[in-house]
Amino acid sequence: MTAVTTTTTVAAITESDALPPARRRRRLSPGRRLPAARLAGPLLVLAAWAIASAAGQLDPAAIPAPWTVLRTLGRLWTDGTLPTDVLTSLRRAAYGFTIGLAAGVVLALLSGLSRAGEALIDGTVQLNRAIPTLGLIPLFILWLGIGETFKVAIIAIVVYVPVYLNTHAALAGIDSRYVELAEVQGLSRLGFVRQVVIPGALPGFFVGLRLGVTGSWLGLVVLEQINATSGLGYLMFQAQNYGRTDTILVGLLIYGVFGLVSDSAVRLIERRVLSWRRTLSS
């Protein structure tokens, strides 16, 4: 009995030695999402800025230390200057963004779902895209005056172009087999839009939405330095005249925070709405 067991064990060992070692599957995906990972880069830049300032490697007149900027921010907030300018900037950005978003979505749907709409709209938008939007400022001032209207109009143009382009591209990229299936199933026009068009266009729409959010802040910082009497851009322009670098950095810091927060909000909404997709970022 012992001899049989020994023979069986030896045979099993010999057979296992003869088998090639199992290959370990290589992991190609980025891995699990790290919490608050997007803050790592800004925090690293802030730490490098603080270390360089403390070591005396930066000229305080050109680049003040972070604590100097924070003291200036607190002073401007306490005396009431900063809250007023922040609310003014947020109002301008919100008006322009809302108008641009609505225009971009409506034009993309009209152009993407109709050949006649595409013939009338797409070429015009492509021409508008080729013209630098900020180059339209002198013309819009002559048309609309130097008040709030021209600022909101320029922001709306900056927003609607990327929203339109990405939404229209997503609509054009919908697989024609889904359209044929909808026709076979006898879907109405409204049902086709709800069940095929909207799910197919949402990924491109969110890309355009993120670009539009960023563009609204980029346009705002320029517009508020032109014939403005309030806003963060106006505050920075006045600080430039008096050589207040710390105040300029306060304005840039607030613009950066607004841009990061708004982009993060759009990304969060995108992940919730498109939770049915399995992608590298999910």
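A distance-only check finds a donor-acceptor pair linking the side chain of T245 to the backbone of A61 [under 3.5 Å]. Between the side chain of N166 and the backbone N or O of P162, at least one donor-acceptor pair lies under 3.5 Å. In this structure, Q225 contributes its side chain and F237 its backbone to no donor-acceptor pair below 3.5 Å. The main-chain N or O of G233 is found under 3.5 Å from a side-chain atom of Y255 such that the two form a donor-acceptor pair. Without hydrogens or angle criteria, S262 side chain to G259 main chain gives a donor-acceptor distance under 3.5 Å. Judged purely by atom type and a 3.5 angstrom limit, S89 has no side-chain atom pairing as donor or acceptor with the backbone of V86.
Both I269 and F258 are part of a single hydrophobic cluster, where members link through side-chain heavy atoms under 4.5 Å apart. In this structure, Y178 is a member of the same hydrophobic cluster as L202, with clusters built from ILVMFWY side-chain heavy atoms closer than 4.5 Å. V163 and V152 fall into different hydrophobic clusters, defined by Ile, Leu, Val, Met, Phe, Trp and Tyr side-chain heavy atoms under 4.5 Å apart, directly or through other members. Cluster annotation: I137 and L218 are assigned to distinct hydrophobic clusters (Ile/Leu/Val/Met/Phe/Trp/Tyr, side-chain heavy-atom contacts under 4.5 Å, transitive). Transitive grouping of hydrophobic side chains (ILVMFWY, heavy atoms separated by less than 4.5 Å) brings Y164 and I198 into a common cluster.
Counting heavy atoms from C-beta on, the side chains of T68 and P60 never come closer than 4.5 Å. Side-chain contact between L223 and I155: present, with at least one pair of heavy atoms (C-beta onward) separated by less than 4.5 Å. A 4.5 Å side-chain heavy-atom check between V222 and I154 finds every atom pair outside the cut-off. Residues L268 and R271 form a side-chain contact, since some pair of their non-hydrogen atoms from C-beta on lies under 4.5 Å apart. Here the side chains of T247 and Y242 are not in contact, with every heavy-atom distance at 4.5 Å or above. Counting heavy atoms from C-beta on, the side chains of T167 and L107 never come closer than 4.5 Å. Put simply, the side chain of V193 reaches to within 4.5 Å of the side chain of L113, judged on heavy atoms. Taking 4.5 Å as the limit, some side-chain heavy atom of H168 sits within range of a side-chain heavy atom of E118.
How far CZ of F192 is from CG of L187: 8.5 Å, rounded to the nearest 0.5 Å. Atoms CG and CD1, from L249 and I254 in turn, are 11.5 Å apart once rounded to the nearest 0.5 Å. Between the OG1 atom of T214 and the CZ atom of R210 there is a distance of 7.5 Å, given to the nearest 0.5 Å. Between I63 atom CD1 and D246 atom CG the span is 13.0 Å, to the nearest 0.5 Å. F97 CZ to L90 CG: the interatomic distance, rounded to the nearest 0.5 Å, is 13.0 Å. One distance of note links OG1 of T229 with CD of E224; it measures 10.0 Å at 0.5 Å rounding.
When every heavy atom of L274 is checked against every heavy atom of F206, the shortest pair comes out as CD1-CD1, 4.1 Å. When all heavy atoms of W67 and A50 are compared, the pair lying nearest together is CH2-O, 3.7 Å. When every heavy atom of V158 is checked against every heavy atom of G215, the shortest pair comes out as CG1-O, 3.2 Å. For the pair P203 and P199, the tightest heavy-atom approach, listed with the atom from each and the gap, is CD-O, 3.5 Å. Counting all heavy atoms, side chain and backbone alike, A156 lies closest to I99 at CB-CG2, 4.0 Å. In this structure, V159 and G100 approach most closely via the heavy-atom pair CG1-C, 3.9 Å.
For the residue pair Y234 and T88, no side-chain donor N or O sits within less than 3.5 Å of a side-chain acceptor on the partner.
For the side-chain contact (heavy atoms from CB on, under 4.5 Å) with Y160, the lone residue among N128, L101, L165 that qualifies is N128.
A salt bridge does not link E270 to R267: none of the charged nitrogens lies less than 4.0 Å from a carboxylate oxygen.
In this structure, W143 and F140 have tilted ring planes: the angle between them lies in the 30° to 60° band.
For Y95, the OH atom sits in a loose shell: 12 or fewer heavy atoms of surrounding residues, nucleotides or ligands are nearer than 6.0 Å.
Judged as a side-chain hydrogen bond (donor to acceptor under 3.5 Å, both in side chains), the pairs with a partner in residues 147-159 (not counting sequence neighbours) are, in order, R92-E148.
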